[in-house]
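In what follows, a structure is listed as structure tokens, so that the remarks can point back to it.
Within every chain, numbering begins at 1; the chains are lettered A, B, ... in the order of the sequence lines, protein sequences first and strands thereafter.
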Protein chains: 2
Amino acid sequence: MSGFQRYKKILDLFSEERSSWTVIEISKSLKTPSSTIYRIVREMVTAEFLESASGSYFRLGPAFIKFNRIIKFSDPLVRAGQPFLKKLANENPITSVNVLARLYGNNVMCVADYKSPSFKKNTSYQRGKLMPLIYGATSRAIIMQITGKRLENLINLENFKSDEDKKKFLKDLKSDRKKGYCFTEGQVDKGLIGFAVSISNKKLGIEASLSSIFNLDDFLLEHEPIIYANLTTYGLLVEKYINEIFEDIQKYHHETNSIR
Amino acid sequence: MSGFQRYKKILDLFSEERSSWTVIEISKSLKTPSSTIYRIVREMVTAEFLESASGSYFRLGPAFIKFNRIIKFSDPLVRAGQPFLKKLANENPITSVNVLARLYGNNVMCVADYKSPSFKKNTSYQRGKLMPLIYGATSRAIIMQITGKRLENLINLENFKSDEDKKKFLKDLKSDRKKGYCFTEGQVDKGLIGFAVSISNKKLGIEASLSSIFNLDDFLLEHEPIIYANLTTYGLLVEKYINEIFEDIQKYHHETNSIR
DNA sequence: TCACAATTCTCATTTTATAAGAAATTTATT
DNA sequence: AATAAATTTCTTATAAAATGAGAATTGTGA
């Protein structure tokens, strides 16, 4: 264990289910002497990546809240897309969850979400949540914009039930790519149906999607055209805004560089 | 520069105003050879604490979104208090911003916020934002629960305009502590007025506050009793729920420890 | 395709981390 | 209040890792 991994391994122990650990527990879990862990934890507490709670427990520190905020207010995708999620929710014909998600390494992560107030069910679509790569429209609209070797590598890391499944998946991907949008039913949460469009910006390295998720019970076929129209319109707008933000950033860096 | 600081120094460069940096820029800024920075940045990209953007720029990575989410769904204060912010907003006589904040090291940080939809003005009260320690009711309700040497140390780090100011501050603190609630006007944002109550849990090491912020223009004296009643009622409820969550955590750790 | 910028690699040297156990401090118990 | 137990820090020789200069490689835009 060396370099940043030393710290990362400790942070990775913390989860929603298990959000506080003692040094002894960490030490046992990582098979590392407690004197070493004490020193490392102390460092991380100083840096506010951990904080000490009661009864010699430690939990994740405020640094994450702080940096999350910086991302939220500066990430071009979130900045451009966030405002449209509420609009989508209001204009969709039925109650919905609306999501911006993007590819991070080999995972799809939800980076912003807005649920209509009347949407009661709990869903997997919440900012920060990792989504399965090959299930759900949200993810599909992301990977359908990826091709060639890169797609192959991504897909090879996934466990398909059978080779048939994999072939079908790739075939669907191809036809969805042509259409420019996609939908899936119950792949992530039972009783939910999702529609999504791709969002991308090559210069910023963004491979993302905008999606609306509905209760299957509420859904009627006649809703479909409106849903697609909304997603397509707002999807394009988000891309346009991302581009504007990109240009702002360019200009800003140009200015600050020339000042120095 | 050693240990975790090595990484922290780099992360600390990123801000809302300047959210992407090239290796060369980092290297200049930290006066460290670029070959070293390249290595460190690579490590952090692997760990998803940074990610590469376009044009050889790097920005904060998805790890922060992930860990922020874990905190949001597991921090006892946020879990207990979040649901009441909306209720407060609905039951307050005038449009308001409602905030849970807590002491982190020498800073007060907002950890949850809910703005009534009709509240138009932008405010400093947003999750993740650091608040000044000695200004505003939000902060006051936190430090008024701290006494003795600890209070002295905290206060000594602050820059008061004069010794008079400092004395007055300490005097106000004392009387507010007796009352159990406090209010301030325009100390953080001009034209806003804030009311707050203390929230604490010794066992969990939580020193926090619940506050409602209003437009000064909307405010009438007759609103005051209702505002205080709401804050006090919900404040107590939040403390009660924090306690319940604490007991759940206890139970959970007891179970998981006895299994091993 | 070429030139230039970005990134990785190599390696001798310096610096830092490690872990066992002792010491100190804090917390719980009688 | 005294004692016991648990938590945390400190000390140290030794092992391991980081550093940085420069070379080598890769990527990129005209």
Side-chain angles (χ1 to χ4, degrees), chain A residues 1-11 13 20-47 49-59 61 105 148-150 153 201-205 246-247 250 253-254 257-258 260, chain B residues 1-11 13 20-47 49-59 61 105 148-150 153 201-205 246 249-250 253-254 257-258 260:
Chain A
M1 209 177 13
S2 79
F4 196 69
Q5 274 308 106
R6 189 176 33 241
Y7 306 99
K8 178 86 182 331
K9 280 243 171 124
I10 292 179
L11 293 174
L13 292 173
S20 51
W21 290 73
T22 67
V23 169
I24 305 296
E25 286 168 353
I26 296 172
S27 142
K28 275 182 190 161
S29 178
L30 301 182
K31 296 185 180 55
T32 307
S34 56
S35 62
T36 302
I37 302 294
Y38 270 114
R39 181 171 35 77
I40 298 179
V41 165
R42 202 187 323 143
E43 274 187 88
M44 294 172 83
V45 169
T46 307
F49 278 66
L50 291 178
E51 63 168 351
S52 72
S54 67
S56 67
Y57 277 92
F58 290 85
R59 58 167 110 93
K149 192 79 197 163
R150 178 114 183 283
N153 290 337
N201 186 301
K202 258 201 168 163
K203 283 174 276 175
L204 279 167
F246 172 70
E247 277 160 15
Q250 292 275 59
H253 281 302
H254 185 72
N257 281 334
S258 48
R260 275 174 218 168
Chain B
M1 209 178 8
S2 77
F4 196 68
Q5 274 309 107
R6 189 173 34 241
Y7 306 99
K8 178 85 183 331
K9 280 243 171 123
I10 292 179
L11 292 174
L13 292 174
S20 51
W21 290 74
T22 67
V23 168
I24 305 297
E25 286 167 354
I26 296 172
S27 144
K28 276 183 190 160
S29 178
L30 301 182
K31 297 183 178 55
T32 306
S34 57
S35 62
T36 301
I37 300 295
Y38 270 114
R39 184 171 32 77
I40 298 179
V41 165
R42 201 189 321 145
E43 275 188 87
M44 293 172 83
V45 169
T46 307
F49 278 64
L50 290 178
E51 63 168 351
S52 71
S54 67
S56 68
Y57 278 92
F58 291 86
R59 58 171 172 241
K149 194 77 198 163
R150 180 113 182 284
N153 289 338
N201 186 302
K202 259 202 167 164
K203 286 173 277 179
L204 280 167
F246 173 69
I249 296 173
Q250 292 274 58
H253 281 302
H254 186 72
N257 282 334
S258 49
R260 273 170 219 170

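Contact annotation: the side chain of A/Thr46 never approaches that of B/Lys8 to less than 4.5 Å [non-hydrogen atoms, C-beta and beyond].
Contacts between residues 26-33 of chain A and DNA chain C, counted as heavy-atom distances below 4.0 Å, involve A/Thr32, A/Pro33.
Nucleic acid contact class of B/Thr36 (heavy atoms, under 4.0 Å, all strands): base.
Helix bend of the helix from C/dT1-D/dA30 to C/dT30-D/dA1: the angle between its two end axes, each built from five pairs, comes to 70° after rounding to 10°.
The CG atom of A/Leu30 sits 5.0 Å away from the CD1 atom of A/Ile37 when rounded to the nearest 0.5 Å. From B/Ser20, atom OG reaches atom CZ of B/Phe58 across 11.0 Å, with rounding to the nearest 0.5 Å. Remark: A/Glu43 CD to A/Leu50 CG distance equals 11.0 Å, nearest 0.5 Å. A distance of 10.5 Å separates CD of A/Gln5 from CG of A/Leu11, quoted to the nearest 0.5 Å. Atom CG of A/Leu13 sits about 9.5 Å away from atom CD of A/Glu25, to the nearest 0.5 Å.
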Please write out each protein N/O paired with an N/O of nucleotides 25-30 of chain D under 3.5 Å, distance rounded to 0.1 Å.
none

I'd like a list of close polar pairs between nucleotides 9-16 of chain D and the protein, N/O only, cut-off under 3.5 Å.
from: D/dT9; atom 1: OP2; to: A/Arg42; atom 2: NE; distance (Å): 3.2

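For B/Met44 and C/dT7, the CE to P distance is 16 Å, given to the nearest whole Å. The distance from atom CD of B/Gln5 to atom P of C/dT16 is 13 Å, rounded to the nearest whole Å. In this entry the distance linking CD of B/Glu43 with C1' of D/dT19 reads 12 Å, nearest Å. One atom, CG of A/Leu50, and another, P of D/dT8, lie 13 Å apart when rounded to the nearest Å. Atom CD1 of A/Ile40 is separated from atom P of C/dT16 by 16 Å (rounded to the nearest Å). If you take CD1 of A/Ile24 and C1' of D/dA5, they are 13 Å apart, rounded to a whole angstrom. D/dA21 atom P lies 12 Å from atom CD1 of B/Ile37, rounded to whole Å.
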Practice prompt. Could you give me the CA-CA distance, side-chain angles and deciding distance for A/Phe4 and B/Phe49, then say whether ring pair (Phe, Tyr, Trp, His ring centres under 6.0 Å) is met?
Written response: CA-CA 10 Å; A/Phe4 196 69; B/Phe49 278 64; 4.9 Å; yes
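Sorted by first then second residue, the side chain to side chain donor-acceptor pair (under 3.5 Å) pairs that include residues 28-40 of chain A, not counting sequence neighbours, number zero.
Each of A/Val23 and B/Arg6 has a nearest nucleotide on DNA chain D; the 5'-most of these lies closest to A/Val23.
The salt bridge (Lys or Arg N to Asp or Glu O under 4.0 Å) test applied to B/Glu51 returns A/Arg102, B/Arg59, not counting sequence neighbours.
Minimum interatomic distance between A/Pro33 and A/Ser27 (heavy atoms only, all atoms of both residues): C-OG, 4.1 Å.
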